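From a predicted model like this one, the values you see are computed outputs, not experimental measurements. Atom set for the values below is all heavy atoms of this structure, side chains included, hydrogens, waters and symmetry mates excluded.
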2 protein chains.
Amino acid sequence: MTDTVPKQNKRPPTIHDVAAQAGVSRGTVSRVLQGGHNVSPASHRAVDAAIRKLGYVVNRAARSLVTRRAGSVAFLLSEAHERLFQDPNLATLLRGCTTALAEHDVPLVLIAAGTEAERRRIAPYLSAHQVDGALLFNSNRGTPMIDLLQQAGLPFVCCGKPQDQSGSISYVVADDREGARTMMRYLVDAGRKRIATIAGPSDGPGGSDRLQGYRDVLTERKIRFDKRLVATGDYSRASGESCMRDLLTRAPDLDAVFVASDLMAEGALRAIERAGRTVPDDIAVGGFDDSSVATATIPTLTTMRQPWQRISDMMVRQLLAQIEGDGPATVILPTELVIRDSA
Amino acid sequence: MTDTVPKQNKRPPTIHDVAAQAGVSRGTVSRVLQGGHNVSPASHRAVDAAIRKLGYVVNRAARSLVTRRAGSVAFLLSEAHERLFQDPNLATLLRGCTTALAEHDVPLVLIAAGTEAERRRIAPYLSAHQVDGALLFNSNRGTPMIDLLQQAGLPFVCCGKPQDQSGSISYVVADDREGARTMMRYLVDAGRKRIATIAGPSDGPGGSDRLQGYRDVLTERKIRFDKRLVATGDYSRASGESCMRDLLTRAPDLDAVFVASDLMAEGALRAIERAGRTVPDDIAVGGFDDSSVATATIPTLTTMRQPWQRISDMMVRQLLAQIEGDGPATVILPTELVIRDSA
DNA sequence: GGGTCGAAAGTTAGCGTTAACACTTCCGCC
DNA sequence: GGCGGAAGTGTTAACGCTAACTTTCGACCC
């Protein structure tokens, strides 16, 4: 009379089973799991074979209990709902961090922390070290989340320069200022004389650095700064469009525009088209990000590529290092000019 | 001679500390943690007070070890890289599930499973039940991930109807067919006579249901089906634009178009504008999704809202129920017509 | 008054892993 | 030939929690 239930889930193998199979002690198996120091090649091979044979996977809960490490890190979604849904960079970063962490076998826990209520809810979770560290996107807008993390004594790494630089906070950014300079030099070298810019909010990602880069090159090339050629958007498509309209009104003779994000650049392209001007013949447009929209526009966008892959990797590396006891660090990564049709 | 290190991290309080503080046994504290059955009101209060006073947070690793439950669920990113970055619905769903799960105090682990290599890597992780269940987005394209989950014996819920319906698979979808009908009836009732449609790929989200809804209403209203009025895109902006161009060539007299996604509708708007026609006067445009782009277009999009909030909630509820032992179920949620400027 | 029952509480045995410790070898060296 | 040390291995005590088991204590009923 066999069991009627098809095949009941028999317990997964434990380190004990592996030890028995390999003919060694649990301790030796554990040592192999930790990297195999002080284990003879023969034992190592035996254990490896046993692990494969049994399909053994370490029980993270048990490990976590004794090591007092969660073995996972959090990605904090600190953005408000609306913004979250629109930023193509967030998706890119999230994907990059997930992949980078997978390489280290560290699960990524997604945590919503956009509202005050959410922050209150997760505070005990973080304080109790249910994760070993946290990754932050766009930490720039306000610092409540950062305060919380510091108070919890949890290692964390921001993507983007945090506003409050008082404490030593780890962060990874693209070189916004130099990137802006590169784009500007490209426009100048292409013979453009009246170059406008649509900057982002000074407290947003990139901060005022991209605007600063714009000014740097004007100075460098001895071009007079004209404040009529500067507009400030909020990184949304709509703001890019309205800023461009304003610029075209204030300075109809402009022949290029450096836009601080691709999304705004898309809006700008639209405004230019509606004004009956052409890109790039009348007006050259340079973006920033090389996000997914850059290839979707007509014409496609010439833009500065942010090295998201490397940014993710560095954030993860920095975070893991910090968890291991390293001090905070800041990493600045170079951007790359991607030439397409708009300039 | 006090310690020089500022304030070393003293151990967080354990259930033992709480018991001592409350003057009860560990068992009683645990019972309170489980919901407080068979605990006298007095003890319950004492334990609650102790928990608050000590700032106690349960150690999930220890709990997990003894309950043989991970206490977390996975969100599987089964999309290839490029698509992932562009789908506004994914971000919405991800956010919704995170929030819904937070309510149940269940962490969401993000797992990349878009490539074959990634799938191979996570297979043991899933088989070893390092998560209690999985949430899937867009399971439609192929079933390798589903096979893997079934093999691992892990409960899971899909967003969208899975292609392979052989096994009984839990899924949650918006009522695509009825939604399409609603939009179509709206267009017909508005006096449109030649209504075209841009459908999505039949193996994509929404499948052929939205196209079916289109045909349903034609039949219902005794309008002859004209295959020149049907184009098939791939849900991208670019495909919406090119499909619309085709439609305008094949049937210049069309006076409305029902587009199976907002992103494609955005492309369609563009094609219409370029063709020198106006929306909604010449041509009415109806979208599907009510994603973030719907309010960003000019004119804003009339569209069918997918109830992402409820979809997330139901997915989470279903998954948790399944983890508790319930059988699979399918949930179909109604969509809602959102009237804006394009129709 | 003895028996039964159930609620409320205490007691205890693990859950699977690691890390600290203890124990053998075995090698090289004085 | 004894001694120190290192490499390899086994042994064991936690880690914090839950669940099953036991105990206590009244209430209630015949």
Side-chain angles (χ1 to χ4, degrees), chain A residues 9-48 50-51 54-72 105 124-125 127-130 132 324, chain B residues 9-48 50-51 54-72 105 124-125 127-130 132 324:
Chain A
N9 42 348
K10 61 158 81 96
R11 298 261 192 87
T14 72
I15 204 172
H16 183 87
D17 303 322
V18 175
Q21 172 75 33
V24 299
S25 72
R26 271 149 54 227
T28 299
V29 177
S30 179
R31 274 185 285 266
V32 170
L33 258 29
Q34 311 298 314
H37 303 301
N38 289 354
V39 176
S40 70
S43 301
H44 202 307
R45 273 194 304 274
V47 169
D48 277 345
I51 287 176
L54 300 174
Y56 168 79
V57 177
V58 62
N59 180 322
R60 306 182 78 101
R63 168 182 287 175
S64 178
L65 185 57
V66 55
T67 58
R68 299 158 176 293
R69 287 274 184 86
S72 60
D105 218 34
Y125 184 82
S127 298
H129 283 78
Q130 304 279 4
D132 293 330
E324 295 304 327
Chain B
N9 43 347
K10 59 157 85 94
R11 298 264 190 86
T14 73
I15 205 173
H16 184 88
D17 302 323
V18 174
Q21 171 76 32
V24 298
S25 74
R26 269 150 56 227
T28 300
V29 176
S30 179
R31 274 185 286 265
V32 170
L33 257 29
Q34 310 300 313
H37 304 300
N38 289 354
V39 175
S40 70
S43 300
H44 202 307
R45 273 194 304 275
V47 170
D48 278 345
I51 286 175
L54 300 175
Y56 169 79
V57 176
V58 62
N59 180 322
R60 307 182 76 103
R63 168 181 288 176
S64 179
L65 185 56
V66 55
T67 58
R68 299 155 177 292
R69 287 272 184 87
S72 58
D105 219 34
Y125 183 82
S127 298
H129 286 230
Q130 304 279 5
D132 294 329
E324 295 303 327

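In terms of modelled atom types and a separation under 3.5 Å, the side chain of A:Arg60 and the main chain of A:Gly71 share a donor-acceptor contact. Checked by atom type and distance alone, the side chain of A:His129 pairs as donor or acceptor with a backbone atom of A:Ser127 at under 3.5 Å. Checking side-chain atoms of B:Arg63 against main-chain N and O of B:Val58 turns up no donor-acceptor pair under 3.5 Å.
Atom CZ in B:Arg68 sits roughly 13 Å away from atom C1' in C:dT17 (whole-Å rounding). As a whole-Å value, the separation of B:Asn59 CG from D:dA14 P is 18 Å. For A:Arg31 and D:dA7, the CZ to C1' distance is 10 Å, given to the nearest whole Å. In this structure, A:Arg11 atom CZ and C:dG14 atom P are separated by 11 Å, rounded to whole Å. If you take CG of B:Asn38 and C1' of C:dG10, they are 14 Å apart, rounded to a whole angstrom. Rounded to whole Å, atom P of C:dT18 lies 11 Å from atom CZ of A:Arg60. Between A:Leu33 atom CG and C:dA19 atom C1' there is a gap of 14 Å when expressed in whole angstrom units. The nearest whole Å value for the distance from the CZ atom in A:Arg63 to the P atom in C:dT17 is 9 Å.
Residues A:Tyr56 and A:Ile15 have side chains in contact (heavy-atom distance under 4.5 Å, counting atoms from C-beta outward). Residues B:Asn59 and B:Thr14 are not in side-chain contact: their nearest non-hydrogen atoms beyond the backbone lie 4.5 Å or more apart.
Of all nucleotides listed (C:dA9, D:dG16, C:dG16), D:dG16 comes nearest to the side chain of B:Thr14. Among the nucleotides D:dT9, C:dT18, D:dC17, the one closest to the side chain of B:Arg26 is D:dC17. Distance from the side chain of A:Gln34 is smallest to C:dT18 among C:dT18, C:dT17, D:dC17. The side chain of A:Ser25 lies closest to D:dG10 when the candidates are C:dT17, D:dG10, C:dG10. The side chain of A:Leu65 approaches D:dG16 more closely than any other nucleotide in the set C:dT12, D:dG16, C:dA9. The side chain of A:Tyr56 sits closest to C:dT17 out of D:dG10, C:dT17, D:dC15.
Residue order along DNA chain C, read from the 5' end via each residue's closest nucleotide, puts A:Pro12 first among A:Gly27 and A:Pro12.
The phosphate of D:dC15 (OP1 or OP2) has no side-chain N or O of A:Thr67 nearer than 4.0 angstrom. An OP1 or OP2 oxygen of C:dA9 is reached within less than 4.0 angstrom by a side-chain nitrogen or oxygen of B:Ser40. An OP1 or OP2 oxygen of D:dT18 is reached within less than 4.0 angstrom by a side-chain nitrogen or oxygen of B:Ser30.
In this structure, A:Ser43 reaches the sugar-phosphate backbone alone: every heavy-atom distance under 4.0 Å involves primed, P, OP1 or OP2 atoms, never a base.
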